[in-house]
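The structure appears right after this line, and notes come after that.
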Amino acid sequence: QPPMQAPPRQVDGAGGGGGGSGSSSQPSMDIVVKYKRSWNIQEALDQHAVLCRQKDILTKIGSNRLRVRRTQLQFAKLEVEDALDRVRKSPTATVGDASKTLAMAGQVRRAAQELALASRLKDMDESVVHQQLAVADEEVEHSRLEMKLMKQAIDDKTVVLATDDPVPTQSPVPNDERKIFYCTNCKVGGHGQRFCEYFLKRPEWQIYPYQKWFEDEKKNQYHCPLGKRLVDFADESHFSRIAMYIKGRVWLEDKTKMFELVPDLMPETYVINDCQWVDGKDPSDHGRPDLPWFVKEADRNWGTSVHVCAKASQCMELAKPGALYVVQQHIKDPLLMDDGRKCHIKFYVMLMCLEDGRTWKLYTFKDGYLSISPHIWSADDLSKETQVTIIRTERIQGWKPWPEAYPKCKAGVAEVIRRGVAQGKLEGRLGKRQFEILSADFIVDTRGDVWLFEFNMSPVLKDAHDSQETNDADMIMHALDIVVPREGGSPGLWDFAGEFVGEAPAPTPPKAQAPA
């Protein structure tokens, strides 16, 4: 009797990292969880456990997949051997029959094709399994190294305790002798995490983990460096040797206060407080040009709280009880884009105060953005889309008026800071460097004059992964090169705009010790 034939089988196709269209019966080899930077110890431990578990699961899936492929290959080899054995043992009459000979040759050919496919699929799956397990191993290693560095950080004796003393405790090792610097993301918001990410691109910077600091009555959690330590940079200023918020910033952020500081640089401004004109000063409709009026909440930005009306007498109708507003009329003869759309300049500024608490350095960025309305401008069109420009639309370098407008904007900002420092509105921090990246909104008129409208203390900043063409990565990196100089760093397009020296803050007396 001829040998028993193995039953025909369908050899499934190769699935790449996943199951693939022809291998739906086999589990996926996809890397579902990838390493992500952790900012505290528990996050790092949890992530490491998940990544190790993922590697174990993928190892088992890979082993099973390869076992299946090898089994399929063995069956394919048996089929080829069976087909060849049937040919060798075929009677002479069968061999002499052309149709039967062709049929046997077809069986051998199909068996050989199945063998070749099974061999290819085995090799492909071996490659996929090897690659995916290597990636999974890399993810685990990233996590392991992160935990190791966190352990080293919390064991570092140069990181001292943050105190309530008026001047921060100095590090026991001078900065020029230190090899490692630490940053902590305390999840305050703003650009704190972003600045941490940029510092961590420097090889000498590492993460110092955070912990829960306290919880307020509204159940909001606040965080600080583990052990309430004083690190080189954190977005919680009390625990940072470099503060990312300027003391006295309210004089730049609040539009009413800024008008007190530099009324000559801004359009004529009126103030509504709790549905009353401040100091009895209210605009009248008489003798005014037919231009829109803007009613803006004094402490808010982004155009979210701007209302537009046609006449001064309509402004009060837009105010709410208990709220503070600035009221301004549109400037005359605004300089428009060539196609007639309204635009304003988004002008970036970096302000820094040194550790002496009195020396201020101002930098302005030579590039910037235009925020352009989507509609042709008309004084009669009171829609916010036409009158209120918010979104950064395009880079400003190609704008023809920019070479003339830039030095005027630079001088305007410098005058604001000069007065703020001279009048003691902007305050230094003894023993701490402080800085802030902010933006100023300017509009240019047809005479070439620039009008300052407001500062944005947490301006839009985008990283390279947000937008390849219109990102602020270089601006941020070079600003931090100025604040914390490094070898190979440079100011980039940041332009030194002035140094201003004010009065050093009076030392705060230490808190009285409770009796033992």
Side-chain angles (χ1 to χ4, degrees), residues 15-20 26-66 125-156 159 179-212 221 223-227 229 231-236 461-468 471 473 476-477 480:
Q26 297 199 45
S28 167
M29 284 290 294
D30 286 339
I31 303 292
V32 177
V33 182
K34 294 191 175 182
Y35 166 79
K36 183 179 179 182
R37 178 173 281 138
S38 302
W39 296 101
N40 75 4
I41 291 176
Q42 192 59 52
E43 285 178 3
L45 290 171
D46 292 344
Q47 176 172 246
H48 186 70
V50 170
L51 291 173
C52 288
R53 174 65 176 160
Q54 175 177 254
K55 181 186 174 184
D56 291 343
I57 292 172
L58 290 176
T59 299
K60 292 177 182 178
I61 292 174
S63 176
N64 290 335
R65 285 183 69 153
L66 294 182
D125 260 12
E126 284 178 344
S127 176
V128 167
V129 169
H130 176 76
Q131 291 175 6
Q132 295 300 88
L133 289 181
V135 172
D137 199 49
E138 284 182 17
E139 302 297 308
V140 172
E141 181 59 20
H142 280 312
S143 178
R144 187 197 66 79
L145 179 59
E146 179 180 71
M147 292 192 299
K148 177 183 176 181
L149 293 176
M150 282 191 181
K151 176 67 167 57
Q152 291 175 353
I154 62 179
D155 289 341
D156 191 337
V159 185
K179 295 183 179 180
I180 300 297
F181 297 84
Y182 296 105
C183 61
T184 301
N185 172 23
C186 297
K187 298 183 176 291
V188 172
H191 298 304
Q193 179 173 332
R194 172 174 281 112
F195 293 155
C196 284
E197 299 280 2
Y198 278 82
F199 278 128
L200 290 169
K201 293 179 182 181
R202 304 182 184 188
E204 69 274 20
W205 280 74
Q206 293 179 13
I207 290 174
Y208 199 91
Y210 75 81
Q211 67 170 53
K212 180 180 175 181
Q221 286 194 8
H223 303 90
C224 67
L226 185 65
R229 299 285 166 170
V231 297
D232 298 287
F233 176 78
D235 47 355
E236 195 66 72
L461 295 176
K462 292 187 177 181
D463 302 312
H465 59 78
D466 298 321
S467 171
Q468 288 296 322
N471 67 74
I476 299 168
M477 178 181 68
L480 297 179

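Note that the numbering runs from 1 along the sequence shown for the chain.
Scanning all heavy atoms of the two residues, the minimum distance from Lys187 to Asp235 falls at N-OD2, 3.4 Å.
Scanning for salt bridge (charged side-chain N to carboxylate O under 4.0 Å, His left out) contacts around Asp463 gives Arg194, with sequence neighbours left out. Partners of His48 according to the ring-ring contact (aromatic ring centres under 6.0 Å, His included) rule, which considers only residues two or more places apart in sequence or in another chain, do not exist here.
The closest side-chain heavy-atom distance from Met147 to Met150 is not below 4.5 Å. Using a 4.5 Å heavy-atom threshold, the side chains of Arg202 and Leu480 count as touching.
The main-chain N or O of Val32 is found under 3.5 Å from a side-chain atom of Gln54 such that the two form a donor-acceptor pair. Glu43 places a side-chain N or O within 3.5 Å of a backbone atom of Trp39 that can act as its donor or acceptor partner.
With respect to the salt-bridge test (charged N to carboxylate O, under 4.0 angstrom), the residues Lys151 and Asp155 qualify.
Using bins of under 30°, 30° to 60° and over 60° for the plane-to-plane angle, the ring pair Phe233/Phe195 lands in the perpendicular bin.
For the residue pair Tyr35/Glu146, the side-chain donor-acceptor check at 3.5 Å is satisfied. Looking at Gln42 and Asp46, their side chains do bring a donor and an acceptor atom within 3.5 Å of each other. In this model, no donor atom of one side chain and acceptor atom of the other lie less than 3.5 Å apart for Glu139 and Ser143.
Just one residue in the list Asn40, Ile154, Asn185 forms a side-chain contact (heavy atoms from CB on, under 4.5 Å) with Tyr208, and that residue is Ile154.
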Problem set entry | Criterion side-chain contact (heavy atoms from CB on, under 4.5 Å) on Tyr210 and Leu226, from CA distance to verdict | CA-CA 5 Å; Tyr210 75 81; Leu226 185 65; over 6 Å; no

